[in-house]
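Lettering follows sequence order; numbering is per chain, from 1. Only heavy atoms go into these numbers, but all of them, side chains included; no hydrogens, no water, no symmetry mates.
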Amino acid sequence: MGTAAHAGLAALLLGIVWGERPALWVSAAPDWYPPGLAWAGVDPGCYLFAQAEDDAEALGSAEVALHGGMAGVVACEALSRLAGKRLALAAKQGGGLGLVLRHAPARTREDSTAFASRWMVHPAPGGPHAPKLRAELLYAKGAMPGTYLFALKEGWDAEAPLSLPGLRRAG
Amino acid sequence: MQKRRFLSLACAGPDDLAKLALWCQAFTPLTAPDPPDGVMLDITGCAHLFGGEAGLIARLVARLPGARMAIADTAAAAWGLARYGKPGGSDILPLPLAALRLAPDPIARLRRIGVRTIGQLARLPRAGLVAGYGQAPALRLAQAVGEAPEIIRFITPPPEWREAEPYMDPLLLPAQLQAALRRLTTKLCARLTAATLGATALTARFYRVDRACPAIHLAFAAPCRDEMQIAKLLIEKLAREIDPGFGIEAIALEATATEPLPLEQQDMGAKTPDYARPLNTLLNRLGPEKLWRAAPHSSHIPEFAVQRMAVKARPMVWPTPHHPRPIRLLTPPVPITAIAPVPDDPPVQFTWDGQAHRLRWATGPERIARDWWAHPFDPTRPELEKIRDYYQVEDMEGARFWLFRAGLHEGVATPRWYLHGLFA
């Protein structure tokens, strides 16, 4: 429960890849703080925030957004293989970017392979002005696994494979 | 212009008149509660849908056993006939004076000169009537015979974008209701398309045989006249929100708010992305208060620095905050135990949820005071103590937190530490 690193990486990826297009942030307990996102260097003005009853409704809302061509960030506890497949299909049909944030141990064997990539994100020691994240690429189609260092507000690791199939750059 | 026809309904039992008036909209869009015991319906041009006025009355009698009703050319005459007339009678002249909705005092005074019926009152000279008995008897009489206008407060103005279907046999099955909703949506969307309008709010009302009137409300982030989407959203809510009871005898679909929506060329080259569709669906699935845009609000207090805006609002440009703000904000702040070496120093360790975090460094404090001008003066605690000193701290693993100390050392209350947010 005690980290915001994955939300930070999601904001960073949205800022780099998705740009100014609308994105939905949905969760059963949405505690994302827009001034914090603005401080981290992304503009929360184009984001929509939603509160769902439970994980199922959160995933369903993200699917609607992805199907309609928006980006979707959904934080949930449990994620079934079916839900993963549905999200991936919706993102493919709508051309959206979907990010699922979970607090879960890395179990590559049991997790769905419907996703384009899967990252394990931890906070990393850094200076007071730019929080750092250590993102480990656990699984990706067409990329080598590795560990990359991201810094909020400053940019990203040039080595990070942000040209993965699921991540299309804006513009 | 067609002659107006009014139906006055008088119920025996004490009933919720506003609800009854709403239900009566199954028969005509113009209905008004008529205290203390009835409902007034303007049935001009509506009776033929129910087999004429006799058919309409038969239908209402079947639904409202014990209610009395009458139809006349004026609302006042219908009121009197429903309450004092014989069933089927249409002549108001033999009715007693009470049928004119007069107060007891003028009735008693008129009775003293031998005037007992409306017919006798009508034969009196008007000028003398006004001089001797006030405005009321003459005005009520004029209203009853149609010489003076009467203002009736109908519960809704005649809606412009309304499609309604009455059914001879009440509908019960979900499939029937779904088909009816699709039909109504198609009709309404065709009219909206012709007018190049889109609905931003829709209401579907279901008139049940037992005088209940449940409704589905839809709201849209962007004007919409996509009949597939509207029908889908209505049918989704139909199963969840509408109980057909003993049957539904009429359905009305109404666009309560519309906005211009120009026609679009279909299938011509690249389309600009249109996010109205997912937004409209999300807004109706989650509800308008569960989906919001964030807008900055000018407050230093972190909890109040964000304002929830409707999805329809224009996206705001966010200024970059001058001071660090966390990505996740915990509401309410979580009490923690922190160890600070010297009072007013940043902590070196804190315990949250049973887990100790040793801190590598801390920056701060950022002092945020309460907006004292918005609170009543509290003599027991000085305002100076109601401050928060915020610190950004990082533990040995690199996790970064936003802590604050509430209050001052050497104050009335001992300072307390809270965790308010997470940076990473």
- Message: At a 4.5 Å cut-off on heavy atoms, which part of B:Trp402 comes close to chain A: side chain, backbone, both, or neither?
- Response: neither
- Message: On a heavy-atom basis, which atom in A:Glu57 and which in B:Leu286 lie closest, and how many Å separate them?
- Response: OE1-CD2, 3.6 Å
- Query: What part of A:Phe49 lies closer than 4.5 angstrom to a heavy atom of chain B: side chain, backbone, both or neither?
  - Reply: both
- Message: Would you compute the distance between atom OG1 of A:Thr3 and atom CZ of B:Phe423 and round it to the nearest 0.5 angstrom?
- Response: 12.5 Å
- Item | Part of B:Pro319 within contact of chain A (heavy atom distance under 4.5 Å) | backbone
- Below 4.5 Å from any heavy atom of chain A, which atoms of B:Thr363 appear? Answer side chain, backbone, both or neither. side chain
- When the 4.5 angstrom heavy-atom criterion is applied to B:Arg360 and chain A, the contacting part is side chain
- Message: Report which part of A:Ala65 has an atom under 4.5 Å of a heavy atom belonging to chain B: side chain, backbone, both, or neither.
- Response: both
- Query: What residues of residues 289-298 of chain B sit under 4.5 Å from chain A when only non-hydrogen atoms are counted?
  - Reply: B:Lys290, B:Leu291, B:Trp292, B:Arg293, B:Ala294
- Go through the structure and list residues passing side chain to side chain donor-acceptor pair (under 3.5 Å) with B:Glu397, not counting sequence neighbours. none
- Among A:Ala124, A:Gly8, A:Gly126, the residue with the most heavy-atom pairs under 4.5 Å to chain B is A:Gly126
- Note on the structure: Shortest non-hydrogen pair, B:Gly398 vs A:Pro123, comes out as O-CB, 3.4 Å
- chain B shares the most heavy-atom pairs under 4.5 Å, among A:Gly68, A:Ala5, A:Pro131, with A:Pro131
- Check: A:Ala23 main-chain N/O paired with B:Tyr275 side-chain donor or acceptor under 3.5 Å: no
- Note on the structure: Per-residue tally against chain A (heavy atom, under 4.5 Å) across B:Arg277, B:Gln355, B:Arg400 peaks at B:Arg400
- Determine whether more than 12 heavy atoms belonging to other residues, nucleotides or ligands lie under 6.0 Å from atom CD of A:Gln93. yes
- Item | Backbone of A:Tyr33 reached by a side-chain donor or acceptor of B:Arg325 within 3.5 Å | no
- Query: How far does CG of A:Leu24 sit from CG of B:Leu279, to the nearest 0.5 angstrom?
  - Reply: 8.5 Å
- Message: Nearest 0.5 angstrom please: B:Arg328 CZ to A:Leu37 CG, how far?
- Response: 12.0 Å
- Measure A:Asp43 against the heavy atoms of chain B and call it side chain, backbone, both or neither at under 4.5 Å. side chain
- Partner chain A: residue of B:Pro324, B:Gly421, B:Ala362, B:Pro315 with the largest heavy-atom pair count (under 4.5 Å): B:Pro324
- From A:Glu63 atom CD to B:Thr281 atom OG1, the distance as rounded to the nearest 0.5 Å: 11.5 Å
- Item | Residue B:Trp372 excluded, over 12 heavy atoms near CH2 under 6.0 Å | no
- Item | Atom pair CH2/CD1 of A:Trp39 and B:Ile327 - distance to nearest 0.5 Å | 8.5 Å
- Side-chain heavy-atom pair B:Arg285, A:Ser61 within 4.5 angstrom cut-off: no
- Tell me, yes or no, whether the heavy-atom count around A:His67 atom NE2, taken from other residues, nucleotides or ligands under 6.0 Å, exceeds 12. no
- Message: Quick check on B:His322 against chain A: is it the side chain, the backbone, both or neither that has a heavy atom closer than 4.5 Å?
- Response: neither
- Query: Between B:Leu329 and A:Asp31, is a side chain to side chain contact (heavy atoms under 4.5 Å, CB included) present by the stated rule, with each step listed?
  - Reply: CA-CA 6 Å; B:Leu329 189 78; A:Asp31 55 359; 5.8 Å; no
- Message: Ignoring hydrogens, what is the shortest heavy-atom contact between A:Ala38 and B:Thr320? Give both atom names and the distance.
- Response: O-CG2, 3.9 Å
- Task: Name the option with the most non-hydrogen atom pairs under 4.5 Å to chain A; the candidates are B:Arg314, B:Arg308, B:Gln392, B:Met309.
- Result: B:Gln392
- Task: Name the member of A:Gly41, A:Ala29, A:Ala11, A:Pro22 that forms the most heavy-atom pairs with chain B at distances under 4.5 Å.
- Result: A:Pro22
- Task: Inspect the surroundings of CZ in B:Arg240 and state if more than 12 heavy atoms from other residues, nucleotides or ligands are less than 6.0 Å away.
- Result: yes
- Given a strict heavy-atom distance threshold of 4.5 Å, which part of B:Leu419 is in contact with chain A: side chain, backbone, both, or neither? neither
- Which answer fits A:Leu48, side chain, backbone, both or neither, if we ask what part of it has an atom under 4.5 Å from a heavy atom of chain B? both
- Message: How close do A:Lys132 and B:Ala424 get, counting heavy atoms only, and between which atoms?
- Response: O-CB, 4.5 Å
- Item | A:Lys92, NZ: over 12 other non-hydrogen atoms inside 6.0 angstrom | no
